[in-house]
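Contents: one structure, followed by commentary.
We count ligands from 1, going down the list as the structure has it; atoms in each ligand are counted the same way. Along the sequence shown, the residues carry numbers beginning at 1. Computed from a prediction, not measured in an experiment: that's the story for all the values here.
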Amino acid sequence: MVHKKNHIIFLFLATLNIFLKTSNAASINVVSFGAKSDGKQDSSIPFLRAWSSACKSNEASTIYVPVGSFLLKQVTFWGPCINKIDFKIDGSIVAPSNYGSLGNSGYWILFMKVNWVSIFGGTIDGKGAGYWRCRKAGKRCPNGARSISFSWSNNIVVSGLTSLNSKEIHIAVDHCKNVVIKDVKIRAPSRSPNTDGINVQFSTQVTISHATIMTGDDCISINQGTTHVWIQRIACGPGHGISIGSLGAYSNEAGVENVTVTDSVFTKTENGVRIKSWAKPSNGYARNIEFRNLIMQNVYNPIIIDQRYCTKRECPHKSSGVKISSVSYEHIKGTSASPVAIKFDCSQSNPCWGLKLQDINLVYPKGSQTSSCTNAGGSISGVVNPKSCL
Ligand SMILES: *[C@@H]1O[C@H](CO)[C@@H](O)[C@H](O)[C@H]1NC(C)=O
């Protein structure tokens, strides 16, 4: 009996020991590498040294960023690494407000060729105001730095992060596979230029859920070469809505396929769900797209396909080569801030086909709502208000 009890205690202590070893041995505090929490001294080198130590580690590591404010210049966390790395952030990471000091690369915090990297919590502040002023003044400005980017990386988690005032895109995902972004908060002023919330391209298996995004450009934008995207429970606005595209910028371009946007609310946004392409030749496409269970609150273009997308700088005025097909809109309700609540402006040379409207109720409170179709084909079911033009 006594023997058995001792045996159990021994097992318990042994397990505890293993637990403490695995959780302590590879925990790396950036402060122990010399990072300073005053928000003024550059902590780039200490962060890179912490990364390098984690990256070489034979066991999984956690890089810990404690409470405080840590100034980072442009940093690239290079992989591949031997093991899994988590960042646990309790404090905030701030960019220099002097945009010139980030160079012209278009990146601030970049993860490159990493595998199994997770980021938990924290705030990153891109300090974009000075850069936006440069843009608005029409001056020559360097490329706007994306705040946090993952390039050529797999198995990434970003959870509980707050991203403020990015100079350009807040979170960029490029050439990645298996990315989960959840419980993030993104905030920049409604008039900040090109401050997309989350921008994805050339990637597959991307899930974005439970995000609150208030910004000056698209809340989320899904671009060329992207498949298998799940977007759920997004609160978007102010901003330009959730966009597929701009597609068709290049004549030879990979398409977008299998994207679902569901259970989301758009408040005072320029668009709700939008597919857009440049008006010029391209072999790009968007197909198998589902938009469902969405609420629009005072949204200017709640449902829109725009194949004549142009900006002040460039309007190609040709017919878009991008092929749009099998797009369904289901259970979408709320208010439109313009009379045209549904607008399908498709390409003359490549009309949209397989558009499906089901159970739509979008009301223009100041008058009567309409829908508008150009080169668009598809079907309706259930009640569709405004009356469908398909
Ligand atoms: C898109 O989904 C369809 C239907 O589930 C599937 O057959 C197709 O392989 C998917 N495409 C990609 C690129 O994953």
- Does the ring of Tyr309 carry Lys276 above it, NZ/CZ under 6.0 angstrom from centre and within 45° of its axis? yes
- Message: My understanding is that we take every heavy atom of each candidate and find the minimum distance to atom 12 (C) of ligand 1. Doing that for Asn258, Thr204, Thr226, Val256, which one comes out nearest?
- Response: Asn258
- Would you kindly say whether Ser347 and Ser319 are connected by a side-chain donor-acceptor distance under 3.5 Å? yes
Sub-4.0 Å protein heavy atom next to [atom]:
atom                   : result
atom 2 (O) of ligand 1 : yes
atom 9 (O) of ligand 1 : no
atom 5 (O) of ligand 1 : no

- Message: Test your reading of the structure: does Asn288 have an N or O sitting under 3.5 Å from an N or O of ligand 1?
- Response: no
- Query: Does Asp38 reach the main-chain N or O of Gln41 with its side chain, forming a donor-acceptor pair under 3.5 Å?
  - Reply: yes
- Message: Looking at Ser371 and Ile342, would you say the former's side chain and the latter's main chain have a donor-acceptor pair under 3.5 Å?
- Response: no
- Mind checking whether His228 has a heavy atom under 4.0 Å from ligand 1? no
- Look at the side-chain heavy atoms of Ile, Leu, Val, Met, Phe, Trp and Tyr, link any pair under 4.5 Å apart, and say whether Leu164 and Phe87 land in one connected group. no
